[in-house]
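The structure appears right after this line, and notes come after that.
The first residue of the sequence shown is numbered 1, and numbering continues consecutively from there.
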Amino acid sequence: MTEKDMREERISGEEIFEGRVVHLVRDTVRLPDGQTATREVILHPGGVGILPLMEDGTVLMVQQFRYPGHSVLTEIPAGKLEYGEDPLTCGKRELSEEVGASAANWVFLGNIYPTPAYDSEIIRIYLATGLSFGKQHLDEGEFLNVVRVPLAELVDQVMDGKIFDAKTQIAILKTARLLEKGLLPQNEGKTKE
């Protein structure tokens with residue numbers, strides 16, 4: 001089958017729930033064979049994750065309680081996009097808010113669909129280097145710790161199953177691989193997307 005032959009066509013839909021962060025819709029679609037099916041989809045504006053890499057090879061990570069999993073996770077700093085917001089602008093804001101840092105260099109590492117079967121969210125991943133520090137300013141109701149961990153140790157934690165967050169795993173492994181292959185730009189003050 002070609003890509004065109006696999007596409008599903010939306011026939012109708014209804015909104016089931018509209019929340020502060022997500023909307024849930026139920027659509028009826030026509031399948032490639034002409035039959036119909038129901039698709040429940042979470043509509044989400046997307047997000048940005050940032051791997052802040054220090055000159056000494058350590059990474060600034062955040063630890064925060066995640067209610068759906070009822071546990072504290074170690075993650076890269078990240079945040080939700082506002083509808084229509086530029087992803088790099090969001091990344092800069094979140095890095096400043098969560099760890100009190102700004103970066104001279106930004107490298108786009110790629111987009112991920114964390115749960116493509118039922119969620120429209122796309123997370124844009126960036127590597128931030130050339131860090132300078134100011135004051136952390138968390139959102140109201142946001143509680144987290146910032147920890148500094150060597151990148152090599154984070155790679156081991158991913159491989160040992162100790163880091164559960166997908167965006168964090170991808171950012172760590174991509175950064176480590178790019179460094180290993182010498183593929184990261186060395187251009188101070190530049191942004192590569």
With Q63, which of L144, T74, V146 fulfils side chain to side chain contact (heavy atoms under 4.5 Å, CB included)?
T74
Apart from F17 itself, which Ile, Leu, Val, Met, Phe, Trp or Tyr residues share its cluster (side-chain heavy atoms under 4.5 Å, direct or through members)?
I16, V21, V22, L24, I42, Y118
Mind listing the side-chain donor-acceptor pairs of residues 171-178 below 3.5 Å, one per line with the distance, residues two or more places apart or on another chain?
residue, atom, partner, partner atom, Å
K174, NZ, L109, O, 2.4
T175, OG1, A171, O, 2.8

Can you find a heavy atom in the side chain of I125 that is under 4.5 Å from one in the side chain of L51?
no
Can you list the steps and then say if D27 with R39 is a salt bridge (charged side-chain N to carboxylate O under 4.0 Å, His left out)?
CA-CA 5 Å; D27 288 346; R39 301 288 184 244; over 6 Å; no
Residues which pass side chain to side chain donor-acceptor pair (under 3.5 Å) with S132, listed by chain and number, not counting sequence neighbours
S102
Compare every heavy atom of L81 with every heavy atom of C90, then report the nearest pair and how far apart it is.
CB-CD2, 3.5 Å
Of all residues at least two apart in sequence or in a different chain, which pass the side chain to side chain donor-acceptor pair (under 3.5 Å) check with D156?
none
Salt bridge (Lys or Arg N to Asp or Glu O under 4.0 Å) involving R30 - partner list, sequence neighbours excluded
none
For S71, the side chain to side chain donor-acceptor pair (under 3.5 Å) test, sequence neighbours excluded, returns none
Set of salt bridge (Lys or Arg N to Asp or Glu O under 4.0 Å) partners for E15, sequence neighbours left out
none
For A128 and A103, work out which heavy atoms get closest and say how close.
CB-CB, 3.6 Å
Would you give me the side-chain donor-acceptor pairs under 3.5 Å for residues 161-168, sequence neighbours excluded?
residue, atom, partner, partner atom, Å
D165, OD1, K167, NZ, 3.2
D165, OD2, K167, NZ, 2.8
D165, OD2, T168, N, 3.1
D165, OD2, T168, OG1, 2.6
K167, NZ, E75, OE1, 2.7
T168, OG1, I76, N, 3.0

Distance from L179 atom CG to L53 atom CG, nearest 0.5 Å?
6.0 Å
Quick one: pull up CD1 in I123 and CD1 in I112 and give me the separation to the nearest 0.5 Å.
4.5 Å
Note: E85-R93 ion pair, threshold 4.0 Å (strictly below):
yes
What pairs of residues pass the side-chain hydrogen bond (donor to acceptor under 3.5 Å, both in side chains) test when at least one of them lies in residues 46-57, not counting sequence neighbours?
D56-T58, D56-R148
Heavy-atom donor-acceptor pair, R66 side chain to Q64 backbone, under 3.5 Å
no
Tabulate below the donor-acceptor pairs under 3.5 Å that side-chain atoms of residues 135-143 make, not counting sequence neighbours, or state none.
residue, atom, partner, partner atom, Å
Q136, NE2, E98, O, 2.6
H137, NE2, S96, OG, 2.8
E142, OE1, D139, N, 3.0

Can you pull out every ring-ring contact (aromatic ring centres under 6.0 Å, His included) where at least one residue sits in residues 55-76? Sequence neighbours excluded, please.
Y67-H70
Quick one: CD on Q169 to CG on L154, what's the gap to the nearest 0.5 Å?
11.5 Å
Could you check if a side-chain atom of D5 sits within less than 4.5 angstrom of a side-chain atom of P32, using non-hydrogen atoms only?
no
Mind checking whether L31 and T36 have side chains closer than 4.5 Å, heavy atoms only?
no
Suppose we screen for side chain to side chain donor-acceptor pair (under 3.5 Å). Which residues come up paired with T28, at least two apart in sequence or across chains?
none
